[in-house]
Amino acid sequence: MIAPAFLGAQEALIDLHGNPAIRQYLKSDKANVKTKSVASEAKTGMQLPFFDDFTYPGPYPDNTLWEDKDAFINTAFQIKPTNRGVATLDALDADGHIHQGAGSYPFIADHLTSRMIRTDSIINETAQRPLTLIDSLYLSFFYQPQGRGNAPDKQDSLVLEFFIEYADTIVYVDTTFYPADTLWIDPEDPSQGWISIDTAYWELDTTWMIYPEQWQRVWSTPGMTFETFEALYGQSMVQVMVPITDTAKFFKPDFRFRFRNYASLASNVLPGWQSNMDQWNIDYVYLNYGRSGSETSYQDISFVDPGNSLLQNYYSIPYKQFKANAFELMKSDFSRSYVNLDKVAQNASYKYRIYDENDVQIGTDDSYYDIEWTQPLSPGIVEDMVRLVVMFPSIPGKDSTFFTIEQTLVGDLLASERLCDTITYIQKFSNYIAYDDGVPESGYGLSDSDCMLAVQYSLFVADTLKAVDIYFNDTPQRQDSSYSEYFNLYIWRDNHGEPGDQLFVGEDMILKGAESGKFIRFDLNKTLIVNGGFFIGIMQTSSDNINIGFDYSNNTQSKNLYKLYNNSWKTTSYEGCLMMRPVFGTPEILPQESLNKDAKIVVHPNPVSCGKEISIEKPSFFDDRHNVVVDIFSGATTQNVYSAPYSSQITLQNIAPGLYIVRLTNHSTGEIATTKLIIIQ
């Protein structure tokens, strides 16, 4: 358990207090779809084999295989997994909140419990027969501590247990015990050994308890960092083979097994830093007979990671920006990881196809011959680069659209039905720029008030910046709907890779506690034209961690800057991206009373004769230090007939009589003020 060093610190990554993916799922329509029905009253279990590799979307385990929902099915926290998708055990419950009763001492956190499985008999082609010791029954799985999450400490272990029997036993003890305690009893049968009853619950007082079931621990491992784990075993995930040999206890019609983890939270004085801890990734759980402890390979090929964006650095960008510089924004090739779990090479064919929003394939010309290949895949993880020869088309009139990228991997299907895999990715083009994939794996924060952070962006054509979306993680304080935080919002011009002139300052922006755990939009409420490079960012106004979402899926470290007090800007120490997005488009019309009463131009004389001099008085908020430009447009055609740096006196030469629009543009802030001008003979 590593608590962040917040006193005297500069910047820090904080593990999540909750699980935003689960909370988003619970608010979605998918959460209301009925899951597969399971007959809970069944007295016998499913037939062997039992298998789960967690390659489905999740966020919960398959309810036809597992009884509980604590484990988080995901592709976010894995590092080089066995195949795509893992079950993550951590300190959060099924609703994505920290377990009740969690504290700084180790406590039992998540459970991943199988449904009942028949290990008493097997059904072959002719009949059902008893399962015996010579049938060689094994349970295997892969595991990994920490992954991309928080490393479990030594006492924060991962445990595998087998179900023994149901009971309703009262145990009396002669001392006080607590939720984190593990008690042991000596059964009547000495051959069973001491039995853990840390699943018991207590009633009335702290001197007696009831435990409804008995489980036997058959395997466990202490916590450690992923770095230590990989150095110790030479692998990113380790396979455990557990033989099941006690026929009296475990060969029965209602056999179950479960994984549990012990977790412990950070203990410090700032609750904003307390977060999810002690993560374990589990993969490729397989229970079957006819196995051997030395037979650890499988006829299985698959993708290791989910599909990813085909844009350079971006998950989303306005289509207007993409069309302006498509060749620079589009990747020329992209990385792909596959895994062959067999001990021999497997021949496989790969291809990708791209479809537009109408499900029409793009890039079907014969010149796109190299979007597929056939070759042998060596055992283990294979990483390669795929040449990208299909370009997203330029669609007239479109500023938002999407494309579907489908990738397939097919081997010898006659050998095994698992020698194939398909993944899809939706490439978005919307009204915002996103470096992140929308789901944080961590939180970023600075440790004191008046500290600033900024994220760098670039545009290829001018656009109207209307708002900023910021992902604020949940914290203990933000669980209170009456809680509010304040910060200042900034937009800066890019000054050689650092924030320069201020284009916008929004003081005392409000984050309400009930709004956290998602992107929150902060409207600028003004017209702000931006072009080229710019920064968006905030300044903290309190000493507690602002805790903004941080995404590991894309590394834009060089674009994330922070500043302590009046010191110089520095690049962040962490690889990943801050979840702050600029939003573009026409701002909503403001109520009349909210318009700046000084936003007007005074032109004199008006009307004015051709060739005469006019004086222009600009609005008071147009600071003289900034670059203000005067444009005069023909009122009928909006043709620009005059453009020059601001001067209070200008002469209108060679401009025909008519109605004109005078516009002042503050190019440092994007502010615009206009008025009408009539020119006569």
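Worth saying up front: this structure is predicted, and the values here are computed from it rather than measured.
Geometric assessment of Arg256 against the ring of Phe163 yields a positive cation-pi assignment under the 6.0 Å and 45° thresholds.
In terms of heavy-atom proximity, Asn473 sits nearest to Ser516 at O-CB, 3.8 Å.
Side-chain N/O atoms of Tyr284 and Asp300 include a donor and acceptor closer than 3.5 Å. Residues Gln128 and Ser121 bring a donor and an acceptor atom of their side chains to less than 3.5 Å of each other. Between the side chains of Ser553 and Tyr315, at least one donor N or O lies within less than 3.5 Å of an accepting N or O. No hydrogens or angles considered: a donor-acceptor pair under 3.5 Å links the side chains of Gln407 and Tyr350.
Aromatic pair Phe257/Phe162: centroids not less than 6.0 angstrom apart. Between Phe259 and Tyr143, the ring centre distance reaches or exceeds 6.0 Å. Side-chain rings of Tyr425 and Phe334 stay apart, their centers remaining 6.0 Å or farther from each other.
Residues Phe251 and Asp135 have side chains not in contact (no heavy-atom distance under 4.5 Å, counting atoms from C-beta outward). Side-chain contact between Phe50 and Arg115 is absent, with no heavy-atom pair separated by less than 4.5 Å.
The backbone N or O of Ala94 sits less than 3.5 Å from a side-chain atom of Tyr60, completing a donor-acceptor pair. Side-chain N or O atoms of Asn340 include none that pairs as donor or acceptor with a backbone N or O of Gly380 at under 3.5 Å.
Taking a cutoff of 4.0 Å between a charged side-chain nitrogen and a carboxylate oxygen, Arg353 and Glu406 do not qualify as a salt bridge. A salt bridge does not link Asp68 to Arg258: none of the charged nitrogens lies less than 4.0 Å from a carboxylate oxygen.
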